[in-house]
Chemist: 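So that we are looking at the same thing, I have put the structure below in structure tokens.
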Amino acid sequence: MFLTITPNLCIERTICLPEFAAGAVHRVAPSQLKVNVGGKGINAARVATKLGCQSHALAWAGRRQKAWLDEELTHENIAHDLVETTADTRICVNVLAGKGFIKTEIVEAGNSLSVNEGTRLLERYAALLPQAEMVAICGSYPPCENPAMDMHLALLVQIATQAGKRVLVDGKGKAFQRCLRSKTPPWAVKPNLDEAQELLNRTITTPQDERRAVRDILKRGVEVVILSCGARGAYFGTNHGIWFAAAPAVREVSAVGSGDSLVGAFCAQFLETNDLLLAARWGIAAGTANATQSASAFIGPEEIEPLLGEVKITTNELGLLPRN
């Protein structure tokens, strides 16, 4: 089983308009609106499920929204557990306007979680973990008033690692930084360029900078680094080499959810084949396919497979990477 954890679930509303102007009134017809359950781990589980991978999504959900979220995920055939919180689930809005699909995102930060709510998710996580072959913890934590929650991600990784499970983390912020400083770093991480700059506290502007960033993150003890470079593609680095997987050129509609689609397809394929570069090819093709549509991470084999042959993988470095 592929188990995903979403620290900051959302209700995602995607609105397509012929034009958009600040300060104006825009009336939205039902055909222009899509509402779905969102959040990085949910998106990854959705794509993995569509690829035939047995998946299970674990997340926090607001008490007032939980019934709707349960119903929507069940309708999509996404196996899930939602741990109830007092605070409401956040809402995120994507506005796609005009023929060129100018994108505007309105992303709520989310509401603080209590230590008790954090503990209840850990308890459910421990119950699900024996059935899991791989874990993906995707998305940042909402702002938390209690600093103890900053260690929650590191604890999730530690529990899974001690149980012999591979863990991929796609995160940022304090919780992600503390996770990488812990004694049990995750098996894999997937930062984008902005997140890598924040993590390493330096600018990344050239291909040399990008490869150096991959090497330096590997020194943190992770085995696989996936450095996402947006529409260009991504680096996949291990202690045996660094490869760049170039994404096919497509007409972009919305890249929202492309990184999550990459994670879902990569993990599903890696679980099936244990082949890193084949999984990388599927991940890049999935992220690219997602960018061609307005909905986030609603893609399957029929959208991904035609792009697989267009993903170009090149070797940037081979050999054992230095640890010092």
Side-chain angles (χ1 to χ4, degrees), residues 2 4 6 8-10 12-16 34 36-51 53 55 57 76 78 92-96 100-107 136-140 168-172 188-196 210 224-236 244-270 279-308 310-313:
F2 174 47
T4 73
T6 307
N8 210 356
L9 187 74
C10 73
E12 189 168 58
R13 302 176 72 86
T14 301
I15 302 169
C16 296
K34 179 174 178 58
N36 60 271
V37 186
K40 286 182 173 293
I42 295 294
N43 289 343
R46 177 183 291 124
V47 171
T49 298
K50 286 180 177 290
L51 291 176
C53 177
S55 305
E76 289 190 48
I78 299 175
C92 297
V93 180
N94 306 314
V95 180
L96 305 177
F101 297 107
I102 298 173
K103 180 178 64 178
T104 302
E105 295 182 62
I106 303 169
V107 181
I137 308 168
C138 304
S140 58
L168 182 151
V169 175
D170 179 4
K172 62 181 178 180
V189 295
K190 193 209 74 67
N192 60 30
L193 289 172
D194 288 340
E195 291 160 353
E210 291 164 354
V224 178
V225 174
I226 305 170
L227 179 60
S228 173
C229 301
R232 289 167 46 214
Y235 291 89
F236 291 79
F244 186 77
V250 295
R251 180 172 179 263
E252 182 179 312
V253 175
S254 173
V256 176
S258 285
D260 315 332
S261 300
L262 186 161
V263 169
F266 172 85
C267 291
Q269 189 61 220
F270 191 86
R281 187 178 298 278
W282 274 83
I284 295 298
T288 303
N290 176 78
T292 66
Q293 61 178 28
S294 59
S296 299
F298 280 85
I299 54 168
E302 61 276 13
E303 292 86 14
I304 299 171
E305 288 178 348
L307 294 171
L308 288 172
E310 298 182 45
V311 178
K312 306 301 181 185
I313 298 180

Chemist: Can you name the residues that form a side chain to side chain donor-acceptor pair (under 3.5 Å) with N8, not counting sequence neighbours?
Modeler: R90
Chemist: Please report the interatomic distance CG(L51) to SG(C267), rounded to the nearest 0.5 Å.
Modeler: 11.0 Å
Chemist: Please answer whether the main-chain N or O of L308 pairs with a side-chain N or O of R281 as donor and acceptor at a distance below 3.5 Å.
Modeler: yes
Chemist: For residues A247 and T288, report the shortest heavy-atom separation together with the two atoms involved.
Modeler: CB-OG1, 3.5 Å
Chemist: Quick one, F236 and I284 - any side-chain contact, counting heavy atoms below 4.5 Å?
Modeler: yes
Chemist: For L307 versus A285, what's the shortest heavy-atom pair and its separation?
Modeler: CD1-O, 3.7 Å
Chemist: Which atoms form the tightest heavy-atom contact between V311 and A245, and what is the distance?
Modeler: CG1-CB, 4.2 Å
Chemist: Please give me the minimum heavy-atom distance between A268 and C53, naming the atom from each residue.
Modeler: CB-CB, 3.8 Å
Chemist: Are K190 and V263 close enough, and set up right, to give a side chain to side chain contact (heavy atoms under 4.5 Å, CB included), and what steps lead you there?
Modeler: CA-CA 8 Å; K190 193 209 74 67; V263 169; 3.5 Å; yes
Chemist: Within 45 degrees of the axis of the six-membered ring of F298 and under 6.0 Å from its centre: does K34 put its NZ or CZ there?
Modeler: yes
Chemist: Considering only heavy atoms from C-beta outward, does the side chain of F244 approach that of I313 to under 4.5 Å?
Modeler: no
Chemist: Would you mind listing every salt bridge (charged side-chain N to carboxylate O under 4.0 Å, His left out) that reaches into residues 289-303, with sequence neighbours excluded?
Modeler: none
Chemist: Can you check side chain to side chain contact (heavy atoms under 4.5 Å, CB included) on I299 and K50, steps first, answer last?
Modeler: CA-CA 7 Å; I299 54 168; K50 286 180 177 290; 5.8 Å; no
Chemist: Evaluate side chain to side chain contact (heavy atoms under 4.5 Å, CB included) for L262 paired with I226, printing each intermediate quantity in order.
Modeler: CA-CA 10 Å; L262 186 161; I226 305 170; 4.2 Å; yes
Chemist: Taking the side chain as C-beta and beyond, is there a heavy-atom pair between C229 and Y235 under 4.5 Å?
Modeler: yes
Chemist: Answer yes or no: is there a side-chain heavy-atom contact under 4.5 Å between L96 and V253?
Modeler: yes
Chemist: With a 4.5 Å cut-off on side-chain heavy atoms, are N94 and E12 touching?
Modeler: yes
Chemist: Identify the two heavy atoms, one from W282 and one from A265, that lie closest to each other, and give their separation to 0.1 Å.
Modeler: O-CB, 3.6 Å
Chemist: Using the test side-chain contact (heavy atoms from CB on, under 4.5 Å), find all partners of N192 that sit at least two apart in sequence or belong to another chain.
Modeler: D194, E195, S228
Chemist: Within the structure provided, determine whether V256 and K103 are in side-chain contact (heavy-atom separation under 4.5 Å).
Modeler: yes
Chemist: Identify the two heavy atoms, one from V47 and one from A297, that lie closest to each other, and give their separation to 0.1 Å.
Modeler: CG2-O, 3.6 Å
Chemist: Which pairs, with at least one residue in residues 257-266 and sequence neighbours excluded, count as a side chain to side chain donor-acceptor pair (under 3.5 Å)?
Modeler: K40-D260, N43-D260, S258-N290
Chemist: Main chain of V107, side chain of E105: is a donor-acceptor contact present, judged purely on distance under 3.5 Å?
Modeler: no
Chemist: Report yes if some heavy atom in the side chain of L168 is under 4.5 Å from a heavy atom in the side chain of F266; otherwise report no.
Modeler: yes
Chemist: Under 3.5 Å, is there a donor-acceptor pair between the side chain of T4 and the main chain of A136?
Modeler: no
Chemist: So, does R46 use its side chain to make a donor-acceptor pair with the main chain of V37 at under 3.5 Å?
Modeler: yes
Chemist: Just verifying a value: how many Å separate I15 CD1 and S294 OG, rounded to the nearest 0.5 Å?
Modeler: 11.5 Å
Chemist: What residues form a side chain to side chain donor-acceptor pair (under 3.5 Å) with T6, not counting sequence neighbours?
Modeler: none
Chemist: When you compare the side chain of I137 with that of D170, does any pair of heavy atoms fall below 4.5 Å?
Modeler: no
Chemist: Return each pair, listed once, that meets salt bridge (charged side-chain N to carboxylate O under 4.0 Å, His left out) where at least one residue sits in residues 224-235; pairs must be two or more places apart or across chains.
Modeler: E210-R232
